[in-house]
A.B. asks: 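Just passing along the structure, written as structure tokens.
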There are 2 protein chains.
Amino acid sequence: MNSMLIKDNYYSEKQEKIARFAKALSNPVRVYILDYLANNLDKCCYSGDMAEELPIARSTLSEHLKELKMAGLIQGEINPPYIKYCINRENWEEAKQLFAAFFKR
Amino acid sequence: MNSMLIKDNYYSEKQEKIARFAKALSNPVRVYILDYLANNLDKCCYSGDMAEELPIARSTLSEHLKELKMAGLIQGEINPPYIKYCINRENWEEAKQLFAAFFKR
DNA sequence: TTTATATTTCGTAAATTTACGAAATGAATA
DNA sequence: TATTCATTTCGTAAATTTACGAAATATAAA
């Protein structure tokens, strides 16, 4: 209980954020998805568009999208029965800055 | 068998590399270690130095060091009975470029 | 109202990750 | 040669991740 509190505070906020964003990027499917969305700036994309390009089940794609959403890197706009996904620009910038600062040494 | 071949070739080399580097960074302990080493440019560090700063077992730290080494982000110079760890500058630069290019959109 | 459609959630299985303490390693020293 | 010391490897347990197909959801169309 006590040790959990200690551990929770052990790493800096930046270190935790980098780890969180990195985790979102730690799987090739998710990197592919982000590439796909980042290259379709104005259009954004539907889950189904990507499902046709990827060799995984639609339910698996959906879980990856959920993870990216929870990490804050994408957002989904409901447009029934579709969901239009886009890069979350604010958090994308934050991640960009964090990684740039981290590696700038 | 066949499907494995397809899947192995599905994602670009860059996407695979980003995922691999990101996985190395996906844990706060490892981000801490890299911060620690990156801030000690000329000195580099011994495993024991970090063990004193981190709330984890030495064996656990050793496994994290092994992962960072396998990801290519650090290297260890044997200097018995110590092992002096440093950032692997070549791969560090590669990771820096990859992430910068990835987020530059 | 029933049916069709896109997507997500659920249940589950297999693989991977994180962690620990104990034992092993390998070089330096007594 | 035996001991010491820093570090790693091993054995193991718990938690997390990835994946799938089936079922659920929620809206639009027939």
Side-chain angles (χ1 to χ4, degrees), chain A residues 1 3-4 6-8 10-11 15-16 19-34 36-37 44-71 73-86, chain B residues 3-4 6-8 10-11 15-16 19-34 36-37 43-71 73-86:
Chain A
M1 221 42 109
S3 72
M4 279 197 57
I6 290 167
K7 287 195 184 186
D8 280 355
Y10 207 87
Y11 309 102
Q15 287 168 339
E16 300 273 13
R20 215 154 39 237
F21 282 130
K23 194 166 169 190
L25 291 170
S26 71
N27 178 294
V29 176
R30 292 196 292 272
V31 176
Y32 181 103
I33 292 169
L34 292 172
Y36 195 97
L37 293 179
C44 295
C45 295
Y46 300 107
S47 171
D49 299 341
M50 288 181 276
E52 280 163 29
E53 313 258 345
L54 284 167
I56 57 173
R58 276 160 200 272
S59 56
T60 304
L61 170 57
S62 183
E63 312 263 23
H64 282 301
L65 289 168
K66 185 165 64 178
E67 268 206 63
L68 288 172
K69 217 183 315 174
M70 285 191 309
L73 288 171
I74 69 175
Q75 61 200 73
E77 184 190 309
I78 293 168
N79 191 1
Y82 302 96
I83 294 177
K84 194 162 80 174
Y85 284 104
C86 323
Chain B
S3 71
M4 279 196 58
I6 291 167
K7 286 195 183 185
D8 280 355
Y10 207 87
Y11 309 101
Q15 286 167 342
E16 299 273 13
R20 216 153 39 236
F21 281 130
K23 195 166 170 190
L25 290 171
S26 71
N27 177 295
V29 176
R30 292 196 291 272
V31 176
Y32 181 102
I33 291 170
L34 292 172
Y36 194 96
L37 293 179
K43 291 187 272 170
C44 296
C45 293
Y46 301 106
S47 172
D49 298 341
M50 286 179 278
E52 281 163 28
E53 312 258 344
L54 284 165
I56 58 174
R58 275 159 202 270
S59 57
T60 304
L61 169 57
S62 183
E63 312 262 24
H64 283 301
L65 289 168
K66 183 165 68 178
E67 269 207 63
L68 289 172
K69 217 182 318 177
M70 288 191 307
L73 289 172
I74 68 173
Q75 60 199 74
E77 183 191 309
I78 294 170
N79 192 1
Y82 302 96
I83 295 178
K84 195 161 79 176
Y85 283 104
C86 324

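Treat the numbers as computed from the prediction; the structure is a model and nothing was measured. To find a chain, count down the sequence lines: A is the first, B the second, and so on, and within it residues start at 1.
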A.B. asks: Report the distance from atom OH of A:Y11 to atom P of C:dT18, rounded to the nearest whole Å.
C.D. replies: 12 Å

A.B. asks: Do B:T60 and B:L54 have side chains that approach each other closer than 4.5 Å (heavy atoms only, starting at C-beta)?
C.D. replies: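 SC-SC contact between B:T60 and B:L54 ruled out.
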
A.B. asks: Can you tell me if the side-chain N/O atoms of B:H64 get under 4.0 Å from OP1 or OP2 in C:dT17?
C.D. replies: no

A.B. asks: Does any part of the side chain of B:D49, heavy atoms only, come nearer than 4.5 Å to the side chain of B:Y36, both counted from C-beta?
C.D. replies: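 B:Y36 vs B:D49: side chains touch.
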
A.B. asks: Just how far, in rounded Å, is C1' of D:dA6 from CD of B:E77?
C.D. replies: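 Taking atom C1' of D:dA6 as the reference, CD of B:E77 is at 16 Å.
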
A.B. asks: Using atom CG of B:L68 as one end and atom C1' of D:dT8 as the other, report the distance to the nearest whole Å.
C.D. replies: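 One finds 15 Å between C1' of D:dT8 and CG of B:L68, rounded.
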
A.B. asks: Can you name the side chain to side chain contact (heavy atoms under 4.5 Å, CB included) partners of A:S59, sequence neighbours left out?
C.D. replies: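 By the side chain to side chain contact (heavy atoms under 4.5 Å, CB included) rule, A:S59 matches A:A57.
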
A.B. asks: Nearest whole Å is fine: how far is D:dT17 P from A:K66 NZ?
C.D. replies: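 Atom NZ in A:K66 sits about 12 Å away from atom P in D:dT17.
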
A.B. asks: Closer than 4.0 Å, any side-chain N/O of A:Y85 to the OP1 or OP2 of C:dT8?
C.D. replies: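 For C:dT8, OP1/OP2 do have a side-chain N/O of A:Y85 under 4.0 Å.
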
A.B. asks: Would you say the side-chain atoms of B:R30 pair up with the backbone N or O of A:A19, donor to acceptor, closer than 3.5 Å?
C.D. replies: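 No, because the side chain of B:R30 does not come within donor-acceptor range (under 3.5 Å) of the backbone of A:A19.
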
A.B. asks: Could you check how far CZ of A:R58 sits from C1' of D:dA23, rounded to whole Å?
C.D. replies: 17 Å

A.B. asks: Compare the minimum distances between each of D:dC20, C:dT18, D:dA6 and the side chain of B:Y82, then state the nucleotide with the smallest one.
C.D. replies: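 Ranking D:dC20, C:dT18, D:dA6 by closest atom to the B:Y82 side chain puts D:dA6 first.
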
A.B. asks: Could you tell me how far apart A:I83 (CD1) and D:dA26 (P) are, to the nearest whole angstrom?
C.D. replies: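 Roughly 11 Å, once rounded to whole Å.
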
A.B. asks: Whole angstrom is fine here: how far is it from CG in B:L54 over to C1' in C:dC20?
C.D. replies: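 That distance rounds to 15 Å.
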
A.B. asks: What parts of residues 19-32 of chain A reach DNA chain C, counting only heavy atoms under 4.0 Å away?
C.D. replies: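 Those residues whose heavy atoms fall under 4.0 Å from DNA chain C, taken from residues 19-32 of chain A, amount to none.
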
A.B. asks: Within the 4.5 Å heavy-atom criterion, are B:V31 and A:Y11 side-chain neighbours or not?
C.D. replies: no

A.B. asks: Taking any heavy-atom pair under 4.0 Å as a contact, classify A:E63: base, sugar-phosphate, or nothing.
C.D. replies: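 Counting heavy atoms under 4.0 Å across all strands, the contact made by A:E63 includes a base.
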
A.B. asks: If only side-chain N and O atoms of A:S62 are considered, is one of them under 4.0 Å from the OP1 or OP2 phosphate oxygen of C:dT8?
C.D. replies: yes

A.B. asks: Should A:M50 and A:L65 count as side-chain neighbours, where that means a heavy-atom distance under 4.5 Å?
C.D. replies: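 A side-chain contact under 4.5 Å exists here.
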
A.B. asks: Quick one: are B:L25 and A:L25 in side-chain contact, heavy atoms under 4.5 Å?
C.D. replies: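 They are not in contact (no side-chain heavy atoms under 4.5 Å apart), so the answer is no.
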
A.B. asks: Measuring to OP1 and OP2 of D:dG21, would you say a side-chain N or O of A:S59 lies under 4.0 angstrom away?
C.D. replies: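 For A:S59, the contact criterion (side-chain N or O under 4.0 Å from OP1 or OP2 of D:dG21) is not met.
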
A.B. asks: Round to a whole Å and report the spacing from CD1 of A:I33 to P of C:dT7.
C.D. replies: 13 Å

